[in-house]
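This report refers to the structure that appears directly beneath it.
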Amino acid sequence: MTNHHTLHSSPARTGRSSTHGKAILLGEHAVLYGAPAIALPVTDLVVRAEATAAHDEHHLTSTVHTGPFDTAPAAVLPTVTAVLATLRHLGATDERIHVSVDSTVPTARGLGSSAAVAGAVSAAVADALGLSLSTEERFALVQECERIAHGTASGLDARAVVADGPVWIEGGITTPLPVAGPFVFVVADTGVPGHTREAVARVRERHDRDPRTVEDLVGRIGMLALGARDLLAAGDAARLGTAMDSAHEMLGALGVSSPELDNLVIAARGAGALGAKLTGGGRGGCVLVLASDTDHAERIAGTLLGAGAADTWTTLIGAPA
């Protein structure tokens, strides 16, 4: 695609776009060893981006950094990359852009913050130019930013933060999943930053020492994801919750849980959750809890806050009953 368009040739236009957070239902860590995984949109967590013409230099307004790009800290490098890569892709590198980002997706919690920001920013920049990005163009731009943010990127976050429903990833290919629904989930933040790189490295080291045990756990986690695909299609919340509980035990056996995560999982189960597990890389971050309905989700959220959660959010998957 080689669109050439200038912001200054038309009246000032504000480009806008939004994305949302994501949580991994089943398959974290195992997906890095070839097993499938399922991700869910977390629609309570939103990133909104606006882009307008700037006069002399690229400028960012966000909670992390407000000022010109050339003074931006490393933390917003993926955001800066999203702007510059989108302008390059659209053949508009002579343009200067002011981007404003408003995100409620917390960082370092395994909820897709960097991908959500990149997805919103790239689409907003295109919109400011009077253009739109195809799904594949947007995905490629987010992946470029994700590689800067994380070193490697499976593509799961890039797809999930713009998806309307659950997505399946296997062998680097993502596809939407049918859902009978409704399924009501609560995401609870331990307040402790996740340490994805450390957790991935820990599993890798363990695999090097004891490949049989790790491959067995990875295979079992993958089988849970396979089963969950059918449970989502059938609307079977009870059995899905059981699979989530099993996954948490397996992730614990892999060594990627933490006392804070286990504490919230236990509290959720005590509040009658259908299932509860860590979500994401682990060693901190968040838990994902399956509730019976929205009222139950509210009660679970209150219990989790009382048990020490820093914050909670809900997400509804599938059509309401």
Side-chain angles (χ1 to χ4, degrees), residues 14-23 41-89 95-128 133 138-139 141-153 156-158 160-162 187-199 279-281 283-286 309-313:
T14 300
R16 294 183 174 88
S17 185
S18 64
T19 53
H20 50 67
K22 75 92 182 53
V42 180
T43 50
D44 262 16
L45 296 171
V46 181
V47 177
R48 292 182 176 85
E50 293 189 350
T52 54
H55 296 297
D56 50 2
E57 61 184 347
H58 296 300
H59 193 277
L60 172 66
T61 299
S62 73
T63 54
V64 179
H65 171 75
T66 294
F69 280 13
D70 57 12
T71 63
V76 295
L77 185 56
T79 309
V80 168
T81 301
V83 175
L84 301 179
T86 304
L87 290 174
R88 183 179 68 246
H89 176 69
E95 296 298 339
R96 295 296 175 264
I97 299 285
H98 174 226
V99 175
S100 175
V101 179
D102 179 18
S103 175
T104 61
V105 185
T107 59
R109 294 298 192 275
L111 299 176
S113 173
S114 60
V117 170
V121 167
S122 59
V125 170
D127 188 36
L133 299 169
R138 197 177 189 187
F139 173 75
L141 289 166
V142 175
Q143 279 294 87
E144 186 172 338
C145 301
E146 284 290 90
R147 283 188 285 272
I148 287 171
H150 302 297
T152 58
L156 186 64
D157 284 15
V161 298
V162 295
V187 179
D189 181 5
T190 60
V192 178
H195 297 283
T196 300
R197 287 187 189 218
E198 173 194 308
T279 182
R283 309 299 303 163
C286 295
D311 210 343
T312 65
W313 308 276

**Inter-residue atom distance Lys22.NZ - Leu45.CG, 0.5 Å rounding** = 11.0 Å
Taking distance alone, no hydrogens or angles, what donor-acceptor pairs closer than 3.5 Å link side-chain atoms of residues 69-82 to residues at least two apart or in another chain?
from	atom 1	to	atom 2	distance (Å)
Thr71	OG1	Pro68	O	3.1
Thr81	OG1	Leu77	O	2.8

**Prompt:** Below 4.5 Å, heavy atoms only, C-beta onward: do Ser122 and Leu133 meet side chain to side chain?
**Reply:** yes
**Prompt:** Closest approach of Val187 and Cys286, non-hydrogen atoms and distance?
**Reply:** CG1-CB, 4.0 Å
**Request:** Would you kindly say whether Thr19 and Arg138 are connected by a side-chain donor-acceptor distance under 3.5 Å?
**Result:** no
**Fill in**
Between Arg16 and Glu50, the two heavy atoms sitting closest are NE-OE2, 3.1 Å
**Prompt:** If every non-hydrogen atom of Ala49 is compared with every non-hydrogen atom of Ala124, which pair is closest and at what distance?
**Reply:** O-CB, 3.7 Å
**Message:** Do His98 and Thr61 make a side-chain contact, defined as non-hydrogen atoms from C-beta onward lying under 4.5 Å apart?
**Reply:** yes
**Message:** Quick check: closest heavy atoms across Pro41 and His20, and the distance to 0.1 Å?
**Reply:** CB-CE1, 3.2 Å
**Message:** Quick one, Thr86 and Val121 - any side-chain contact, counting heavy atoms below 4.5 Å?
**Reply:** no
**Prompt:** Would a distance-only check, ignoring hydrogens and angles, find a side-chain to backbone donor-acceptor pair under 3.5 Å from Asp102 to Arg48?
**Reply:** no
**Message:** Tell me if a side-chain donor or acceptor on Thr190 pairs with a main-chain N or O of Gly285 at a distance below 3.5 Å.
**Reply:** yes
**Asked** Do His89 and Glu144 have side chains that get closer than 4.5 Å, going by heavy atoms?
**Response** no
**Fill in**
Ala188 and Thr312 have their tightest heavy-atom pair at CB-CG2, 4.0 Å
Give the table of side-chain donor-acceptor pairs shorter than 3.5 Å for residues 107-120, with sequence neighbours excluded, one pair per line with atom names and distance.
from	atom 1	to	atom 2	distance (Å)
Arg109	NE	Asp189	OD1	2.7
Arg109	NE	Asp189	OD2	3.0
Arg109	NH1	Thr107	O	3.3
Arg109	NH2	Gly191	O	3.4
Ser114	OG	Glu146	OE1	2.5
Ser114	OG	His150	NE2	3.1

